[in-house]
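Written below as structure tokens is the structure these notes are about.
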Amino acid sequence: MRIEKYQIDELNNQHFTTHKRQFEFVAEGVAHIDDVMKKLQAFNIAIPSWALGTSGTRFGRFSGGGEPRSLEEKIEDAGLIHALNRSSNSISLHIPWDIPENAAAIKTLAAQHGLHFDAVNSNTFQDQPDQKLSYKFGSLHHVDKAVRRQAIEHNIEVIKYGVQLGSKALSVWLSDGSNFPGQLNFRRAFQNTFESLQEIYEALPGDWKVWIEYKPYEPNFYSTTIGDWGQSYLLASKLGAKAATLVDLGHHLQGANIEQIVSLLLMEGKLAGFHFNDSKYGDDDLTVGCINPYQLFLIFNELVEGMDARGMNHATDIGWMIDASHNVKDPVEDLLQSVQAIKIAYAQALLVDKNALLSAQNNNDVTLAQEILQQAYHTDVRPLVAEASLRSGGTLAPVEACRKLKVRERLIKERGTGTVATGL
Ligand code: RM4
Ligand code: MN
Ligand code: MN
């Protein structure tokens, strides 16, 4: 299905008077409103292809119906999201879940929806039916050189797919680790991973990057070979300028100060990008901002301050992406909510009075520093985000529009209620 511009205009008209009043009220209090609006309009967040279907847990999966049955349909769904919010202009593929058999046709289709291709993701955490050797005991860190070779070749193949699609980065997440003490020699596992990554690094085209994701546990429950940002950073530093660390918000132990991690990675030029989601307990992959929106704001506050300090382009110098999983919600609606939450946190961070904060910090005025942050955080910036969407041709209220346009009903009609394997 396609959403037409006139449908968006009709929906926006219903809200226009109220919206205008609300926007003008908030905008009046923001001295640099034009700059904020420009930045909000330029800000896009990539959609992961694997989040467009209903996911499950190891206890079961409950299909929501109308799920995409092919890569083409995943692109169609990402296109719907982008048509509604004009803030999701790229899609990230996971190979081999989404093999682009005919890359030129896939690229054209994506372009018709206003989409391009974000990072490509490799998968050496599952065995594929036609695979010679098993990843049961890991991939790039494996004790057997032949398994490492197979995993290296897979990553190089993923780069080749990405080149055809116009991607510019390979995103690597390894489930490699150990389940029990004594199972693994940590040093050897790390060294094997490094050497394997070196070969992948050598295969990167000149303008490509490799993003190294970390995660403390799951599926392994004793150790993970790239378990935290330090281990990822160490690998990225040893590899060279094309390698950097990817931060998935759900990949931290409880209480971790993610904003501080982000700040230092950014300072070192080693922050590749994000997998946004929210978490209550572990890698829960919940809708962004549904549990801890204040943390999200604090992360964006560090990002804005750190990017400005390095003269970076907010929209393009960092990889912004969602990595979520939907067990009970409609994936399209959930992704719309996530994009909104990210844009809200970004807008709030843009409102922080940087100079006042700096002087409060220099004066050790702790109370005032907190006041300044919370002044921005408690500002209702939703009218600014809505206005940015409106100015870019999107809807003022994406989730409501999705329902009024009966997106899910229409997708079910076209695709049926059947269960579709998403890969996860
Ligand atoms: C992992 C990690 C990766 C994602 C897989 C599906 O936990 O977040 O980014 O590709 O899940
Ligand atoms: Mn992730
Ligand atoms: Mn994850």
Side-chain angles (χ1 to χ4, degrees), residues 45-58 61 74 90-99 117-128 135 138-140 151 154-155 158 161-162 167 169-177 193 209-221 223-229 231-232 235-236 244-254 256 258 261-262 265 271-288 290-291 296 299 318-327 331 334-335 338 342 421-424:
I45 300 109
I47 301 295
S49 63
W50 61 99
L52 291 159
T54 308
S55 212
T57 68
R58 66 188 197 277
R61 178 177 179 272
K74 289 179 187 177
S90 68
I91 179 163
S92 181
L93 302 193
H94 225 305
I95 311 286
W97 293 341
D98 312 294
I99 301 231
F117 290 89
D118 198 71
V120 274
N121 301 257
S122 58
N123 177 345
T124 57
F125 48 85
Q126 287 175 322
D127 284 346
Q128 304 304 325
Y135 295 133
S139 57
L140 296 184
H154 166 69
N155 276 277
V158 174
Y161 280 122
S167 290
L170 167 73
S171 194
V172 179
W173 172 68
L174 302 175
S175 67
D176 296 15
T193 305
K209 295 262 157 53
V210 57
W211 299 348
I212 304 169
E213 193 172 350
Y214 57 90
K215 172 166 165 168
Y217 72 92
E218 196 210 14
N220 280 288
F221 293 107
S223 74
T224 303
T225 298
I226 312 179
D228 66 15
W229 75 281
Q231 290 150 11
S232 165
L235 288 167
T245 295
L246 185 131
V247 177
D248 181 315
L249 296 187
H251 292 192
H252 299 89
L253 297 176
Q254 283 187 27
I258 304 176
I261 295 171
V262 165
L265 284 173
L271 179 64
F274 282 85
H275 279 182
F276 288 111
N277 47 48
D278 212 342
S279 134
K280 175 80 177 156
Y281 301 107
D283 188 20
D284 307 339
D285 279 335
L286 299 177
T287 321
V288 184
C290 72
I291 303 285
L296 187 65
I299 290 169
I318 299 250
W320 309 111
M321 194 173 109
I322 293 169
D323 185 3
S325 133
H326 321 282
N327 303 327
D334 199 342
L335 288 162
S338 284
I342 293 166
T422 55
L424 273 178

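Being a predicted model, the structure only gives us computed values, none of them experimental. One-based numbering, in listed order, for ligands and for the atoms of each.
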Checked the Mn ion (ligand 2): protein N, O or S atoms closer than 2.8 Å come out as Glu213 OE2, Asp248 OD2, His275 ND1, Asp323 OD2

Could you list the residues that satisfy side chain to side chain contact (heavy atoms under 4.5 Å, CB included) with Asp248, not counting sequence neighbours?
-> Glu213, His251, His275, Asn277, Asp283, Asp323

Taking the six-membered ring for Trp, are His252 and Tyr214 ring centroids under 6.0 Å apart?
-> yes

Would you call Ser122 and Leu170 a side-chain contact if the rule is heavy atoms closer than 4.5 Å?
-> yes

Tell me which one of Trp211, Trp173, Trp97 gets a heavy atom nearest to atom 5 (C) of ligand 1.
-> Trp173

Phe117: ring-ring contact (aromatic ring centres under 6.0 Å, His included) partners, not counting sequence neighbours = none

Side chains of Ser55 and Asn327: donor-acceptor distance under 3.5 Å anywhere?
-> no

Who are the ring-ring contact (aromatic ring centres under 6.0 Å, His included) partners of Trp211, not counting sequence neighbours?
-> none

At a 4.0 Å cut-off, with the gap strictly under it, does some heavy atom of Asn121 reach an atom of ligand 1?
-> no

Does one side chain, of Asn123 or His94, offer a donor that lies under 3.5 Å from an acceptor on the other?
-> no

His251 heavy atoms within 4.0 Å reach ligand 1 at atoms 2 (C), 7 (O), 8 (O)

By number and element, which atoms of ligand 1 are closer than 4.0 Å to a non-hydrogen atom of Asp248?
-> 8 (O)

Cut-off 3.5 Å, side chains only: do Asn121 and Ser92 have a donor facing an acceptor?
-> yes

Quick one: which ligand 1 atoms are inside 4.0 Å of a heavy atom on Asp283?
-> 7 (O)

Nearest non-hydrogen contact to atom 10 (O) of ligand 1 from the set His94, His275, Glu218, Lys215 belongs to His94

Would you check if Leu296 and Asp278 make a side-chain contact, meaning some heavy-atom pair closer than 4.5 Å?
-> no

